[in-house]
Student: 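Let me give you the structure first, and then I'll get to my questions.
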Amino acid sequence: MKRTVFMLLPLLVLAGCSSSSTWGWYVIDPRSETGWINVKFLLSGMGDTILISVIAAVISIALGLLVALPGLSTKRGWRIVNRVYVELVRSIPLLPMLFWVFYGLPIIFRSMGINVPIDPFWGAIITLALSDSAFTAEIYRAGIQSIAKGQSEAAQTVGLNYFQTMRYVILPQAIRRILPPLANQFIYIVKMSAFASVIGMQELTRRANELVVTEYRPLEIYTLLVLEYLVLVLIISAGVRWLERRMGADERQ
Amino acid sequence: MSQAAIEMIGVNKWFDTFHVLKNIDLKVGSGEKVVICGPSGSGKSTVVRCINKLEKHQEGIIRLGGVELTNDPKSVEAIRSEVGMVFQQFNLFPHLSVLENLTLGPIKARGLSRKDAEERARHYLERVRIPDQADKRPAQLSGGQQQRVAIARSLCMEPKVLLFDEPTSALDPEMISEVLDVMVSLAEDGMTMVVVTHEMGFARKVADKMVFMDAGEIVEQGPPEHFFTKPKSERCRTFLSQILQH
Ligand SMILES: Nc1ncnc2c1ncn2[C@@H]1O[C@H](COP(=O)(O)OP(=O)(O)OP(=O)(O)O)[C@@H](O)[C@H]1O
Ligand SMILES: [Mg+2]
């Protein structure tokens, strides 16, 4: 809690400075009619930011596991597949990847005779999920590798196949090493979702940009924007800490 | 005796360039008990692990019940249903109860109903003399109890052959005998067993055949009477005198 207050302090100072006539908080003052309309306009981006992030996270969690498994293989070929994917995806900056997915991918699809347009909503989700999956894959890999080899050998000797071994023996044990860092990755997605504004997705950042253009009050509007992300991220990290405590408690039991 | 339960003919294995098994020839008849001993690093675990395909051999033939092991998944599946394994470190599933440890294989791999699997599990828990610990987690049991649960877990798959890789080496001395007692009673019931162990008292009591390994080779094998009284090779004699001192 103390930490939160400290983080907000610089912003409060800024707000204090701005009481002089050159600063105009009226633009987002909920007590005035236009101010309230503006605030509602900005805050209503929250829904899309959260929706994009959640869907991207769900896809990334599934995709990450799919990418991690070949990385755990004893066969070199499979491990190379994993390494190439992770290194490649990890080294592409998000914005170029977003452009590639949004403007490039539909062309590939068309050339294959598939007619799926990619709208900003799904363009953003695909990019975020792709980009994040390299990190979730590494989280899975580390978590699964932390489980002793004897566990999968024992599972094999009682007749379980590869997927049953993962499902019933390895993942249930690895989950406490995997879940907290996975939840942490969600913060990455939420922050990176701001890039969706560039391809026209009306989430938090896009709305702030649009309002700045009409109102020309960047300081006030972007201050609110920063606060919106801050609140989101603080809520998630409180969740992560709760999860870490729970998993830790489980482990000690 | 009908055909051999296990047959290894000219088996060679390398870890990269390291020649870990050299021309292993070993025959285990149905119902026979074979005890393997030898110095650390001699390849005992590797022999046992090749028999149930936890390791691949590169040369030679391994047959189980007359059927040759290949790398095709069907063959691996077949082995797993006929060969049980007990590990030095127990390798129980820590996130499952004792009962669930025992029923996981029968339910998921054999398609038994939960009811049948639990009935079978309770039967074998009784067999290893811990009928009243079914609902505990492995961590709540002593080492000796954990190893007996591990034995029961193997028995629940109703294997034709049981492999033991130093089943008592990780145990406190006072718990060794409770595990050996269970193994002796399994032996008396006619189970085919391959046991890597340095418990020579146990070996004398149950072994039909002793195998001594050194540096990846089977240096000597034969009935325990000969093995303990007049070992042929110098290496075996030295080894025996060392471990029988304790
Ligand atoms: N996965 C592996 N990769 C490379 N070398 C290995 C591997 N497993 C075992 N070895 C080596 O093979 C040799 C035989 O190992 P093995 O475990 O079969 O010996 P052991 O007779 O069971 O010894 P111990 O009494 O210590 O258990 C050892 O030198 C060991 O270092
Ligand atoms: Mg060994």
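Residue numbering restarts at 1 for every chain, and letters A, B, ... go by the order of the sequence lines. Heavy atoms only: backbone and side chains are in, while hydrogens, waters and symmetry mates are out.
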Student: Just verifying a value: how many Å separate Gln89(B) CD and Lys149(A) NZ, rounded to the nearest 0.5 Å?
Tutor: 13.0 Å

Student: Let me know if Ala155(A) has heavy atoms under 4.5 Å from chain B in its side chain, its backbone, both or neither.
Tutor: both

Student: Go through Ser81(B), Ser154(B), Ala139(B), Gly105(B) and name the one with the most non-hydrogen pairs under 4.5 angstrom from chain A.
Tutor: Gly105(B)

Student: Let me know if Arg49(B) has heavy atoms under 4.5 Å from chain A in its side chain, its backbone, both or neither.
Tutor: side chain

Student: How many angstroms lie between NZ in Lys56(B) and OG1 in Thr74(A), if you round to the nearest 0.5 Å?
Tutor: 6.5 Å

Student: For a quick test of reading the model, state the closest non-hydrogen atom pair linking Ala109(B) to Val158(A) and the distance between them.
Tutor: CB-O, 3.8 Å

Student: Can you measure from CD (Gln156(A)) to CE (Met85(B)) and round to the nearest 0.5 angstrom?
Tutor: 11.0 Å

Student: I'd like to know which of Arg110(B), Arg80(B), Arg153(B) tops the heavy-atom pair count under 4.5 Å against chain A.
Tutor: Arg80(B)

Student: Is Ile79(B) in contact with chain A via its backbone, its side chain, both, or neither, using a 4.5 Å heavy-atom distance?
Tutor: neither

Student: Counting only heavy atoms from other residues, nucleotides and ligands, does the tally under 6.0 Å from CH2 of Trp78(A) exceed 12?
Tutor: no

Student: Pair Val169(A), Leu104(B) - check side-chain contact (heavy atoms from CB on, under 4.5 Å), show working.
Tutor: CA-CA 9 Å; Val169(A) 176; Leu104(B) 185 64; 3.8 Å; yes

Student: Is chain A contacted by the side chain of Phe87(B), its backbone, both, or neither, given a heavy-atom distance below 4.5 Å?
Tutor: side chain

Student: For Phe15(B), I'd like to know if atom CZ has over 12 heavy atoms of other residues, nucleotides or ligands within 6.0 Å.
Tutor: yes

Student: Roughly how far, to the nearest 0.5 Å, is the CG atom of Asn161(A) from the NZ atom of Lys108(B)?
Tutor: 11.5 Å

Student: What part of Val76(B) is in contact with chain A, defined as an atom under 4.5 angstrom from a non-hydrogen atom: side chain, backbone, both or neither?
Tutor: neither

Student: Within the 4.5 Å heavy-atom criterion, are Thr157(A) and Leu54(B) side-chain neighbours or not?
Tutor: yes

Student: Kindly check if the number of other-residue, nucleotide or ligand heavy atoms within 6.0 Å of NZ (Lys27(B)) is above 12?
Tutor: no

Student: So for Gln164(A), is it side chain, backbone, both, or neither that comes closer than 4.5 Å to the heavy atoms of chain B?
Tutor: side chain

